[in-house]
Every structure is written in C-alpha cells, then in structure tokens.
A.B. asks: 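After the structure tokens below, expect a handful of questions from me.
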Amino acid sequence: MNLAPIRNEQDYQNALNRLEEIFDTKKGTEEGDELEILSILIDKYENENFPIEMPDPIEAIKFRMEQLGIKQKDLAEIIGFKSRVSEILSKKRKLTLKMIRKLNTALHIPTDVLIQDY
C-alpha cells in the first residue's frame with residue numbers, strides 16, 4: 001500500500017483506477033484498508049474540486065412535486081391557498097418559516113435547501 005495525497009487530475013485518475021482494481025476486496029485485509037483510505041482521499045479531492053451546489057429551493061419543490069405526482073392544488077393543501085402556491089412557484093412570493101417546515105415534513109425536502117435565498 002503506497003498512498004499519497006491527491007493533488008492533481010493525474011493523481012485523481014490514478015486513484016480512481018486503483019479503486020476500481022481493488023473495489024471488491026474484503027474489509028480487514030491490507031487491500032481493504034487501502035480501499036477505505038483511498039475512497040476517503042478521492043471523496044476529499046472531489047468535494048474540493050467538484051463541489052455540488054444545493055438546488056434552487058423552488059426548483060427543488062417542483063422536482064419533488066414531479067417525483068411524487070403532486071399538483072399545485074395538492075401543494076395548496078400543504079402550504080395554503082392556490083394563489084399563494086402559484087406566487088411561490090413563480091418566485092413572486094418568498095417561502096415563510098411555517099411553509100418551509102410544512103414542506104420539509106410533507107415533501108421531505110431538506111430545510112437547508114428551502115431556506116436559501118432565491
């Protein structure tokens with residue numbers, strides 16, 4: 001096992017190739033330990049170099065509605081009047097804390113996503 005920090009794209013590709021080679025190893029073996037450490041190094045490099053931003057709150061709501069087959073009228077039952085839902089989905093009205101809590105509970109959208117500015 002010869003591990004080193006991943007500092008550039010070549011190191012990253014080499015790490016991915018090695019990870020693929022040892023992917024099915026058993027825990028508790030030398031290669032199993034290498035796999036675990038290598039995956040941590042790769043994760044750290046990806047988080048620093050390819051960050052994934054949180055989705056727009058309204059787009060997250062629309063996406064979740066589509067996943068669950070929910071219509072605007074169904075959303076009105078969760079957060080209030082149809083007209084309010086329409087204003088929120090068109091970004092003419094901001095979500096309130098009460099709405100965020102209800103959306104989090106009903107649609108299971110993380111509050112971190114819902115509280116963002118838009």
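All residue numbers refer to positions in the sequence shown, counting from 1.
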A.B. asks: Atom CG of Leu19 and atom OG1 of Thr25: how far apart are they, to the nearest 0.5 Å?
C.D. replies: 9.0 Å
A.B. asks: Do any side-chain atoms of residues 48-56 form donor-acceptor pairs under 3.5 angstrom with protein atoms, and if so which ones, sequence neighbours left out?
C.D. replies:
from	atom 1	to	atom 2	distance (Å)
Glu48	OE2	Lys44	NZ	2.6
Asn49	ND2	Tyr45	O	2.9
Asp56	OD1	Lys91	NZ	3.2
Asp56	OD2	Ile58	N	3.0
Asp56	OD2	Glu59	N	3.0
Asp56	OD2	Lys91	NZ	3.3

A.B. asks: side-chain contact (heavy atoms from CB on, under 4.5 Å), that's the test. Do Asn14 and Ile6 meet it? Break it down for me.
C.D. replies: CA-CA 9 Å; Asn14 291 339; Ile6 300 173; over 6 Å; no
A.B. asks: Measuring from atom CZ of Phe23 to atom CD of Glu20, what distance do you get when rounded to the nearest 0.5 angstrom?
C.D. replies: 9.5 Å
A.B. asks: Between the main-chain N or O of Asp43 and the side-chain N or O of Glu46, is there a donor-acceptor pair closer than 3.5 Å?
C.D. replies: no
A.B. asks: Count the heavy atoms belonging to other residues, nucleotides or ligands that lie under 6.0 Å from CD of Glu66, then report whether that count exceeds 12.
C.D. replies: no
A.B. asks: So which pairs with a foot in residues 32-41 pass side-chain hydrogen bond (donor to acceptor under 3.5 Å, both in side chains), sequence neighbours left out?
C.D. replies: Arg18-Glu34
A.B. asks: Side-chain heavy atoms nearer than 4.5 Å, only ILVMFWY residues, links allowed to pass through others: does that put Ile37 and Leu35 together?
C.D. replies: yes
A.B. asks: Tell me whether the count of non-hydrogen atoms from other residues, nucleotides or ligands lying under 6.0 Å of CD in Gln67 goes above 12.
C.D. replies: yes
A.B. asks: How many angstroms lie between CG in Leu16 and CD in Glu21, if you round to the nearest 0.5 Å?
C.D. replies: 11.5 Å
A.B. asks: For residues 74-88, dump all side-chain donor-acceptor pairs below 3.5 Å to protein atoms at least two apart in sequence or in another chain.
C.D. replies:
from	atom 1	to	atom 2	distance (Å)
Asp74	OD2	Lys71	N	2.9
Glu87	OE1	Arg93	NE	2.8
Glu87	OE1	Arg93	NH2	3.3

A.B. asks: For Ala4 versus Leu41, what's the shortest heavy-atom pair and its separation?
C.D. replies: O-CD1, 3.6 Å
A.B. asks: Nearest 0.5 Å please: distance from the CD atom of Gln72 over to the CE atom of Met65.
C.D. replies: 5.5 Å
A.B. asks: Determine the minimum heavy-atom distance between Val113 and Ala60, stating which atoms define it.
C.D. replies: CG1-CB, 3.7 Å
A.B. asks: Could you tell me the separation between the CG atom of Leu97 and the CD1 atom of Ile115, rounded to the nearest 0.5 Å?
C.D. replies: 9.5 Å
A.B. asks: Is a side-chain donor-acceptor pair under 3.5 Å present for Asn17 with Gln13?
C.D. replies: no
A.B. asks: Please enumerate all residues that pass side-chain contact (heavy atoms from CB on, under 4.5 Å) together with Lys26, with sequence neighbours excluded.
C.D. replies: Thr29
A.B. asks: Working to the nearest 0.5 Å, report the span between CD1 of Ile22 and CG of Leu38.
C.D. replies: 5.5 Å
A.B. asks: Any link between Tyr118 and Met99 through a network of hydrophobic side chains (Ile, Leu, Val, Met, Phe, Trp, Tyr) touching at under 4.5 Å?
C.D. replies: yes
A.B. asks: Of all residues at least two apart in sequence or in a different chain, which pass the side chain to side chain donor-acceptor pair (under 3.5 Å) check with Asp24?
C.D. replies: none
A.B. asks: Which pairs would a plain distance check flag for residues 100-110, meaning a side-chain donor or acceptor within less than 3.5 Å of a matching protein atom at least two apart in sequence or in another chain?
C.D. replies:
from	atom 1	to	atom 2	distance (Å)
Asn104	ND2	Ile109	O	2.9
Thr105	OG1	Arg101	O	3.0

